[in-house]
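Please read these numbers as outputs of a predicted model, since none were measured by experiment.
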Amino acid sequence: MNQTPVELLTAFTTAGAEQRDAAYRQLVAALWQDGRASELAPAAVPALLTALDRAPADRQGGLILLLGLLVGSEQPGVDGELAGTVGKELDRFLDLLAERDAHPGRTLALLFLLSHFPAERDRILAATEPLELAQDDLGRLTRVLQPLDPATAVLGRVWPSPDEWVLSEAERAFDRSWVDALAPAQLAATWDGDTRMLIGYSGAKAYWALRHGTTQVVADTSPHRTTELSADATGTADLTHHAGVLRCPACAGRLTVSAEGAHCTGCAADYSSAAGHLDLFERSEPADPKDVLQNAAAMRNIGLHYETVLRPAFLRLMGGNFGGQVTPADEDRYIVEHTSPVDGPVLDLAAGAGRWTAVLAEAVGSERLIALDLNPAMLTWLSGRLPDVPAVRASAQTLPFDDATLGAVNCWNALQAMPDPAGVIAEVGRCLKPGGSFTLLTFQQAADPIDRHFQGTFRGPGFPDGMPLFALADLRAWLAAAGLTIRDEYAPGTFAVITAERAA
């Protein structure tokens, strides 16, 4: 027999520790699914509010998070029925926020819920002043409660918290130029998208803390970490000794390579070398100057910011890594232990700013390595820090290498950002020599619907509606179809870390 919401509510607030999470998921499923409130939600909200008085702190946090999910299911900026009912209890939530020694997850859940009431911005922020909130939490809350002012709006540079972005005056001026050129509808939509990303991150952090306790930020202590601005790339590392494996991305013809660039002997295409890399990217249509996410990626210190802020936050959200169970040292060790190249170059695919390219360079030698990425700002950064590693700008969808020419391939925290991941894996399989290894870190779509919802709030270049993640079964099938055999699989949280080998 199906239980009523009140019965499910009682089961959750009285469940033992071992049954708590299952009871909570049942309660949530009755009232909310995939970002939408069920028809039972309006009648159940008063019971949720009443239960707050008798529930222990950790269960209070779960109820508050659920109320945030329900309010968030309504159209932003519209006085919906659920927001109206919950909003009448705002003083109660502010009183709970002021209590000391509460469960850490409850405080984070309150911040998540309060993020949905921008009309009460002044009252909410005043209540946070004596709390000594972590600066990133306070910065997120302040931004999501802020009304849109077209004259001062900052877009694309706020996640995971505005306080974690440091911009130069030149970068601010660049931003102002493209933000001012946006149509009002695009400006509003982008602002709303940034707001949803921040609220989603707050919710994910709160949900993790409610189940596991205090969140942890793991420091990267590797000598390969970025600690300061990279030097500008002044030249392009020698690619001539890899010329025998390169091919034209347009016609698959042979390339002749020099310090100035490359020439295709098949279609006569010419490719230039500049800012530390050979540019083999063939764009089928011009870039959109109003592409907000691409514009936000164009900053001189993007490599530093990516490694120190964006990437760790992305792992927390997508991998469930708020407790730091996967550390940079773990990643370094995995790459070194599982990269097993045969004869031929080693490709760092989607190398980004070069943090793990540096690990590979130490393991296999810079002269044997090729770094490939599509973002020229990242490659300029990489070449500035690793001037001896040849770098190529090209698409992972059409790798500029002949069949069976690469000794090993590493693709670390990038497959999920590619529009055709199965095609990328097929390309890796085509280019790997028999016996060569393919090391891969990406993310699974969470089985828990709440975690999955928060994962889906993230927006990235090419994914304005959310970044799709994977099922392990799909990754296994794509690897098998590419002629790759899995020899190691590691899946903590919602990570997917795999080593595969090209069949002999």
Side-chain angles (χ1 to χ4, degrees), residues 224 236-249 252 254-255 257 262 277-278 280 331-352 354-373 379 382-383 386-415 418 423-442 475 478-489 497-504:
H224 300 303
T236 302
D238 185 16
L239 259 170
T240 56
H241 62 294
H242 293 314
V245 308
L246 290 168
R247 75 181 195 183
C248 175
R254 176 69 55 200
L255 292 179
V257 181
H277 61 270
L278 172 64
L280 297 179
E331 297 179 71
D332 291 351
R333 184 166 49 251
Y334 190 94
I335 289 172
V336 171
E337 291 179 357
H338 292 271
T339 299
S340 301
V342 294
D343 291 340
V346 174
L347 174 66
D348 194 14
L349 176 58
R355 165 66 176 79
W356 278 268
T357 314
V359 173
L360 282 168
E362 186 174 84
V364 304
S366 297
E367 73 286 347
R368 194 174 179 187
L369 193 57
I370 301 174
L372 183 149
D373 203 274
L379 285 175
L382 182 150
S383 295
L386 299 169
D388 295 330
V389 175
V392 176
R393 185 186 183 213
S395 170
Q397 308 293 152
T398 309
L399 291 176
F401 305 104
D402 278 334
D403 296 353
T405 54
L406 299 179
V409 176
N410 176 67
C411 183
W412 212 247
N413 185 27
L415 188 69
M418 297 175 183
V424 171
I425 289 176
E427 277 289 276
V428 170
R430 176 184 68 78
C431 296
L432 266 179
K433 284 187 170 185
S437 64
F438 177 38
T439 45
L440 169 70
L441 181 147
T442 187
L475 292 171
W478 296 338
L479 290 164
L484 301 170
T485 301
I486 294 174
R487 72 180 191 211
D488 187 79
E489 187 176 284
V497 186
I498 296 172
T499 300
E501 185 177 284
R502 184 74 169 90

So, do D332 and W356 sit near enough that their side-chain heavy atoms are less than 4.5 Å apart? yes

Go through it in stages, so that I can follow the logic: the residues are Q397 and E427, the test is side-chain contact (heavy atoms from CB on, under 4.5 Å), and I'd like the CA-CA distance, side-chain angles, deciding distance and then a yes or no. CA-CA 7 Å; Q397 308 293 152; E427 277 289 276; over 6 Å; no

How close do S383 and A391 get, heavy atom to heavy atom, and via which atoms? OG-CB, 3.7 Å

For the atom pair CD (E489) and CG (L440), what is the distance rounded to the nearest 0.5 Å? 10.5 Å

How long is the span from the CG atom in L484 to the CH2 atom in W478, to the nearest 0.5 Å? 13.5 Å

Sequence-distant partners of H224, ring-ring contact (aromatic ring centres under 6.0 Å, His included), two or more places apart: none

Between P390 and H241, which heavy-atom pair has the shortest distance, and what is it? CG-CE1, 4.3 Å

Below 4.5 Å, heavy atoms only, C-beta onward: do L239 and H277 meet side chain to side chain? no

Contact check, side chains of L415 and I425, non-hydrogen atoms, under 4.5 Å: yes

Looking at D373, is its backbone amide N or carbonyl O close enough to the side chain of R393 to form a donor-acceptor pair, meaning the two atoms are under 3.5 Å apart? no

Can you see which heavy atom on R368 is nearest to which on G344, and at what distance? NE-O, 2.9 Å

On a heavy-atom basis, which atom in A396 and which in V424 lie closest, and how many Å separate them? O-CG2, 3.9 Å

Test your reading of the model: is there a side-chain donor-acceptor pair from H242 to the backbone of P345, 3.5 Å cut-off? no

Hey, can you pull the donor-acceptor pairs under 3.5 Å for the side chains in residues 400-409, sequence neighbours left out?
residue: D402; atom: OD2; partner: R254; partner atom: NH1; Å: 3.1
residue: D402; atom: OD2; partner: R254; partner atom: NH2; Å: 3.0
residue: D403; atom: OD1; partner: R430; partner atom: NH1; Å: 2.7
residue: T405; atom: OG1; partner: D402; partner atom: O; Å: 2.7

Do T499 and Y334 touch side chain to side chain, with heavy atoms closer than 4.5 Å? yes

Side-chain contact test, heavy atoms from C-beta onward, threshold under 4.5 Å: evaluate it for L399 versus L349 and give yes or no. yes

Hey, could you give me the CD/CG distance between E331 and L441, rounded to the nearest 0.5 Å? 5.5 Å

Any salt bridge (charged side-chain N to carboxylate O under 4.0 Å, His left out) involving residues 236-245? Give me the pairs, sequence neighbours left out, ordered by first then second residue. none

Using a 3.5 Å distance criterion without hydrogens, assess whether the side chain of R487 forms a donor-acceptor pair with backbone atoms of S437. no

Nearest non-hydrogen partners of A394 and L280, listed with the distance: CB-CB, 4.3 Å

Taking C-beta and beyond as the side chain, do V346 and N410 meet within less than 4.5 Å on heavy atoms? no

So do P341 and V364 actually touch side chain to side chain, heavy atoms under 4.5 Å? yes

Carboxylate-amine/guanidinium contact D348 R355, below 4.0 Å: no

Scanning both residues in full, the closest heavy-atom pair of T357 with A371 reads CG2-CB, 4.1 Å

Starting at CH2 of W412, measure out to OG1 of T442 and round the result to the nearest 0.5 Å. 10.5 Å

Is there side-chain contact between L360 and V389, with heavy atoms separated by less than 4.5 Å? no

Assess the residue pair L386 and L369 against the criterion (side-chain contact (heavy atoms from CB on, under 4.5 Å)); give the C-alpha distance rounded to whole Å, side-chain angles, the decisive distance to 0.1 Å, and a yes or no. CA-CA 11 Å; L386 299 169; L369 193 57; over 6 Å; no

